Amino acid sequence: MKYWLLKSEPSRYGIDDLARDRVTAWSGVRNYQARNFMRDEMRPGDRGFFYHSSCEEPGIAGIVEVSRGAYPDPTQFDRKSGYCDPGAARGEPRWFNVDVKFVKKTRLIGLAELRGHKALKNLRVLQRGNRLSITPVTQAEWECIIGLLGKA
DNA sequence: GCCAACGTTGGC
DNA sequence: GCCAACGTTGGC
C-alpha cells in the first residue's frame with residue numbers, strides 16, 4: 001500500500017466537492033509522470049492527501065482513498081472537453097486515471113506548518129518549482145502529517 | 001501580477 | 001538528439 005499527494009485547485013474541485021460527491025474520477029491529468037503514477041503504481045486501497053493549490057491558503061485539506069485502479073481517461077476522447085487529446089485513439093489511449101473516494105476533510109495544514117518539520121523536508125510539494133500534480137509520499141511523511149492532524 | 005521552474009514542442 | 005522558445009504551474 002502506497003501513499004500519495006494529489007493536488008487540485010479548490011476553485012475547480014476542492015475537498016468540499018469530494019465530500020459531496022463521495023467518489024470522483026481523477027481525470028484530466030495531462031502529464032506523463034503523473035499518469036505513470038496512476039497507471040503503474042496506484043492501487044485500490046492506497047491513501048492520499050488532498051492538497052489545495054493555487055488558492056489563498058495552499059495546503060493539505062483532506063484524506064482520500066484510491067477506490068478504483070487506472071483505466072483510460074474518457075475525457076481524452078471527448079471533443080467537447082477541454083481535456084480532449086486529438087492524439088489519443090480509442091484503441092490506443094494515452095491518458096489514464098484512477099477514481100478516488102472521500103475519507104475525511106481535515107483542518108488545513110499550510111505550507112509554513114509543513115516546512116516546520118524536518119521529517120517533511122523532502123516532501124515534493126515543498127520543493128521549489130514543484131509542479132507535479134501527483135506525488136508519492138513516504139510512509140514516514142504520511143505518519144508525520146497524520147500526527148500533525150492529531151494536534152489541534 | 002511577478003517570476004522561477006519545469007515540461008513540451010519543433011527546427012535543425 | 002540537441003536545445004531554444006514557449007506555455008503552464010503555483011507560491012508569493
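Quick caveat: nothing in here was measured; it's all calculated off a predicted structure. Letters A, B, ... are given to chains in the order of the sequence lines, protein chains preceding strands, and every chain is numbered from 1.
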Next item on the list: Would you check if A/Leu123 and A/Val137 make a side-chain contact, meaning some heavy-atom pair closer than 4.5 Å?
Entry: yes

Notebook entry, point to check: Which parts of residues 51-60 of chain A get close to DNA chain C, meaning a heavy atom less than 4.0 angstrom away?
Noted result: A/Tyr51, A/Ser53, A/Ser54, A/Pro58

Item checked: For chain A, the stretch of DNA chain B it reaches, first to last nucleotide, under 4.0 Å of its heavy atoms -> B/dA4 to B/dT8

Exercise answer: donor-acceptor pairs, residues 49-56 of chain A side-chain atoms, under 3.5 Å, sequence neighbours excluded:
unit_1, atom_1, unit_2, atom_2, d
A/His52, NE2, A/Ile15, N, 3.0

Next item on the list: May I ask you to test the A/Asn97-A/Met42 pair for a side-chain heavy-atom distance under 4.5 Å?
Entry: no

Notebook entry, point to check: According to the ring-ring contact (aromatic ring centres under 6.0 Å, His included) rule, which pairs have a member within residues 67-88 of chain A, sequence neighbours left out?
Noted result: none

Margin query: Give the residues of residues 3-12 of chain A touching DNA chain B, defined as any heavy atom closer than 4.0 Å, sorted by residue number.
Written below: none

Margin query: Rounded at 0.5 Å granularity, tell me how far CD in A/Gln127 sits from NZ in A/Lys121.
Written below: 9.5 Å

Next item on the list: Hey, could you give me each pair passing salt bridge (charged side-chain N to carboxylate O under 4.0 Å, His left out) that has a residue in residues 122-132 of chain A? Not counting sequence neighbours.
Entry: none

Check: A/Arg115 near the nucleic acid: base, sugar-phosphate alone, or nothing, with a heavy-atom cut-off under 4.0 Å?
Finding: sugar-phosphate

Item checked: Any side-chain heavy-atom pair of A/Leu149 and A/Ile60 under 4.5 Å -> no

Notebook entry, point to check: Is A/Pro93 close to A/Gln76 at the side-chain level, that is, under 4.5 Å between some pair of heavy atoms?
Noted result: yes

Next item on the list: Describe, in one word, how the ring planes of A/Tyr3 and A/Trp142 are oriented to each other, choosing from parallel (under 30°), tilted (30 to 60°) and perpendicular (over 60°).
Entry: parallel

Notebook entry, point to check: Nearest 0.5 Å, what's the CG-CD distance between A/Asp99 and A/Glu65?
Noted result: 12.0 Å

Check: Less than 4.0 Å between a side-chain N and a carboxylate O, is that true for A/Lys2 and A/Asp46?
Finding: no

Check: Should side-chain heavy atoms under 4.5 Å link Ile, Leu, Val, Met, Phe, Trp and Tyr, which residues sit in the same cluster as A/Trp95?
Finding: A/Tyr32

Checklist line | Rounded to 10 degrees, the angle between the two terminal axes of the helix from B/dG1-C/dC12 to B/dC12-C/dG1, each from five pairs | finding: 10°

Note to self: Once side-chain hydrogen bond (donor to acceptor under 3.5 Å, both in side chains) is applied, do any residues pair with A/Asp17, and if so which ones, sequence neighbours excluded?
What the structure shows: A/Arg20

Next item on the list: Please list, chain by chain and in numerical order, all residues satisfying side-chain hydrogen bond (donor to acceptor under 3.5 Å, both in side chains) with A/Thr75, sequence neighbours excluded.
Entry: A/Arg30, A/Asp73

Item checked: Pairs involving residues 135-150 of chain A, ordered by first then second residue, that meet salt bridge (charged side-chain N to carboxylate O under 4.0 Å, His left out) (sequence neighbours left out) -> none

Margin query: Quick check on contacts: within residues 123-136 of chain A, what sits under 4.0 Å from DNA chain B by heavy-atom distance?
Written below: A/Arg128, A/Gly129, A/Arg131

